Protein chains: 2
Amino acid sequence: MNLQSKNNKKELNPSLSVDCVIFGFDLDQLYVLLIDSGSTEAYSQSRMAVPGDLIFDTENLDEAARRVLKELTGIENIYLEQIGAFGDPNRIGKKDSDRKWLESIRAEPNARVITVAYYSLVRMPNFNPKASSFAKSAGWAPVKEVFDLAFDHFDILQAGLDQLKRKIKIQPIGFNLLPEKFTLSQLHKLYECILDKALDKRNFRRKILNLNILTNLEEKQIGVPHKPSQLFKFNEENYKKLSEEGFDNFGF
Amino acid sequence: MNLQSKNNKKELNPSLSVDCVIFGFDLDQLYVLLIDSGSTEAYSQSRMAVPGDLIFDTENLDEAARRVLKELTGIENIYLEQIGAFGDPNRIGKKDSDRKWLESIRAEPNARVITVAYYSLVRMPNFNPKASSFAKSAGWAPVKEVFDLAFDHFDILQAGLDQLKRKIKIQPIGFNLLPEKFTLSQLHKLYECILDKALDKRNFRRKILNLNILTNLEEKQIGVPHKPSQLFKFNEENYKKLSEEGFDNFGF
DNA sequence: ATTTGAAAGTGTTCAAAAGACACATAGCTA
DNA sequence: TAGCTATGTGTCTTTTGAACACTTTCAAAT
């Protein structure tokens with residue numbers, strides 16, 4: 001940082017926000033939590049976006065992201081990782097609909113806003129949007145059915161998804177999307193959804209079991225109309241040992 | 001982004017900067033370009049930092065980073081990748097020396113500054129700090145000998161190094177650090193320096209040659225006091241083909 | 001009671017890649 | 001011409017990845 005140029009007119013004092021791409025998984029497909037930032041008095045069209053807020057004075061970036069998540073979903077201690085900063089001068093004013101919305105709602109609709117994007121993984125059943133007060137118009141959308149979002153939020157979503165794909169190959173963060181007790185099939189399905197490709201069932205099981213980061217709960221599914229599956233949970237201690245040994249590849 | 005809370009006192013209008021971790025390689029070890037932001041009239045202690053500047057009104061984040069690089073080194077078209085945003089409220093005021101420096105040089109020494117960090121890879125001989133007008137006090141420091149930098153720049157350096165390690169395993173960006181013509185030993189050494197571990201010579205050669213992204217120039221080193229080595233160059237076309245086929249692992 | 005449907009669970013074989021390892025060669029220099 | 005120094009090369013073993021099909025268990029329907 002070179003802040004010697006004290007009074008250069010060209011310098012920037014933008015607003016700064018965080019935006020959170022919140023992923024969920026319902027044992028069948030991957031979802032993202034979207035809010036409808038339209039449907040206000042002044043702007044009535046639906047306008048899906050990733051939740052976010054301006055950053056406060058005293059909080060660091062992670063804290064701001066956690067606050068947004070907490071306010072929206074009530075959930076704390078969520079898995080959270082920074083995607084990066086998005087700061088195109090025109091990022092919030094590219095589309096007509098964005099400009100109209102900004103005019104309807106902001107004192108300075110042309111002010112530049114730079115955002116720091118995060119993605120996070122939550123256990124979907126822990127958050128039912130309908131039950132939240134904040135989220136009058138929040139809901140889970142299947143990631144594959146999202147094509148268009150406010151501002152550059154579609155780019156942010158894609159960047160989050162890319163990072164999740166990369167990350168899940170080198171750290172077992174996927175457990176944050178599953179219930180505490182889960183079956184190998186569910187885990188298998190999760191990896192297929194995130195990586196967006198089919199994985200051989202037997203090979204997947206062998207590999208994940210060989211990692212030794214699952215504890216077999218010696219407990220079975222009940223009430224399912226087929227052979228009941230063993231339930232497992234994530235074994236954090238073994239995972240710690242594994243990572244200390246310098247583990248860095250799931251190889252899926 | 002949820003900008004509905006127009007006039008909330010707690011919101012933030014920070015300054016925004018970019019900081020660039022510029023890596024170089026002299027065929028022997030990895031270097032980082034540092035500037036001495038001390039040695040001004042008002043503050044005379046040496047104070048090494050990564051180069052950076054405030055972001056201007058009209059430029060996007062990548063452009064700002066490129067501008068900093070250009071101004072400092074005169075080099076354009078450098079390989080550049082965002083590391084992420086660093087925004088701890090206290091990131092520039094943690095150390096006594098930082099606070100003193102800020103007081104000596106800034107109108108509002110306590111103003112919050114959020115920075116977007118980049119790392120970039122340059123061919124060291126293309127930039128000799130001594131020859132640059134801007135960089136009266138810029139110089140290359142061996143990465144392994146850097147222990148302490150201004151603000152949170154040491155953290156930023158480490159984050160850049162980590163990202164470089166990760167990235168070089170899935171994209172051959174290392175060529176940006178080598179001269180256009182290089183030997184396999186030089187490439188080998190580069191990978192060892194970045195990954196900070198020994199790699200078997202024969203296995204390395206086999207793997208890198210099998211990728212088919214090197215063109216043998218049928219040209220030899222001259223004047224070396226040992227068996228002269230073949231020279232190679234990076235074959236961009238073959239690399240493009242390779243990545244389109246879905247290549248994502250160097251496996252070192 | 002029997003059948004049906006649906007997902008669970010399980011091993012082997014083949015091919016490819018990773019890892020370990022040692023000596024002859026070419027050019028400079030003294 | 002002897003010595004130094006880094007180059008360049010191949011094989012074997014082990015590990016990992018990929019392909020592949022049938023039996024089992026339970027609930028639900030008949």
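Worth knowing before you read on, the calculation uses all heavy atoms, side chains too, and leaves out hydrogens, waters and symmetry mates. Model, not experiment: these values are computed from the prediction. Order of the sequence lines fixes the chain letters, A, B, ..., with proteins taken first and strands second; residue numbering starts at 1 for each chain.
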Atom-pair distance ([atom1] on [X]; [atom2] on [N]), nearest Å:
{"X": "B/Leu199", "N": "C/dG19", "atom1": "CG", "atom2": "P", "result": "9 Å"}
{"X": "A/Lys197", "N": "D/dA19", "atom1": "NZ", "atom2": "P", "result": "10 Å"}
{"X": "B/Asp200", "N": "D/dT14", "atom1": "CG", "atom2": "P", "result": "17 Å"}
{"X": "B/Phe250", "N": "C/dA17", "atom1": "CZ", "atom2": "P", "result": "15 Å"}
{"X": "B/Glu219", "N": "C/dA26", "atom1": "CD", "atom2": "P", "result": "19 Å"}
{"X": "A/Phe204", "N": "C/dA8", "atom1": "CZ", "atom2": "P", "result": "12 Å"}
{"X": "B/Arg202", "N": "C/dA20", "atom1": "CZ", "atom2": "P", "result": "12 Å"}
{"X": "B/Gln221", "N": "D/dA6", "atom1": "CD", "atom2": "C1'", "result": "9 Å"}

(message) Surrounding CG of B/Asn77 (heavy atoms of other residues, nucleotides or ligands, distance under 6.0 Å), is the total greater than 12?
(response)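 Count not over threshold, so no.
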
(request) Measure from the ring center of B/Phe25 to the ring center of B/Tyr31 and say whether it is less than 6.0 Å. (result)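 They do not qualify: ring centres at least 6.0 Å apart.
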
(request) Mark yes or no for a side-chain to base donor-acceptor pair under 3.5 Å between B/Asn203 and C/dA20, with no hydrogen or angle criteria applied. (result)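 Check passes, donor-acceptor contact within cut-off.
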
(request) Identify which nucleotide among D/dT7, D/dG10, C/dG19 has an atom closest to any side-chain atom of B/Ser185, counting heavy atoms from C-beta outward. (result)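 For B/Ser185, the side-chain atoms sit closest to D/dT7.
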
(message) If I compare all heavy atoms of B/Lys201 with all of B/His188, which pair ends up nearest, and what's the gap?
(response)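 That would be CA-CE1, 3.7 Å.
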
Does OP1 or OP2 of [N] have a side-chain N or O of [X] closer than 4.0 Å?
{"X": "A/Arg206", "N": "C/dG11", "answer": "no"}
{"X": "A/Arg205", "N": "C/dG9", "answer": "yes"}
{"X": "A/Ser229", "N": "C/dA7", "answer": "no"}

(request) Would you mind classifying the nucleic acid contact of A/Gln230 as base, sugar-phosphate or nothing, using non-hydrogen atoms under 4.0 angstrom? (result)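 Contact class for A/Gln230: sugar-phosphate only.
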
(message) Categorize B/Lys201 for me: base, sugar-phosphate, or nothing, with a 4.0 angstrom heavy-atom threshold over every strand shown.
(response)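 Since a base atom lies under 4.0 Å of B/Lys201, the category is base.
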
(message) Is the shortest side-chain heavy-atom distance between A/Gln221 and A/Thr183 below 4.5 Å?
(response)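 Answer yes - side chains close enough.
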
(request) Measure the shortest side-chain to side-chain distance between B/Gln82 and B/Leu61 over non-hydrogen atoms and say whether it is less than 4.5 angstrom. (result)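 A side-chain contact exists here, since the closest heavy-atom pair is under 4.5 Å.
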
(message) Within 45 degrees of the ring normal and closer than 6.0 Å to the centroid, is that where the cationic atom of A/Arg66 sits relative to A/Tyr118?
(response)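 Output no; distance or angle outside limits.
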
(request) Indicate whether any N or O donor in one side chain lies under 3.5 Å from an N or O acceptor in the other, for B/Glu219 and B/Gln230. (result)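 On atom types as modelled, these side chains do not qualify, holding no pair under 3.5 Å.
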
(request) Give the B/S/- string for nucleotides 25-30 of chain D, one per nucleotide from 5' to 3', where a protein heavy atom under 4.0 Å of the base yields B, of only the sugar-phosphate yields S, and otherwise -. (result) BBS---

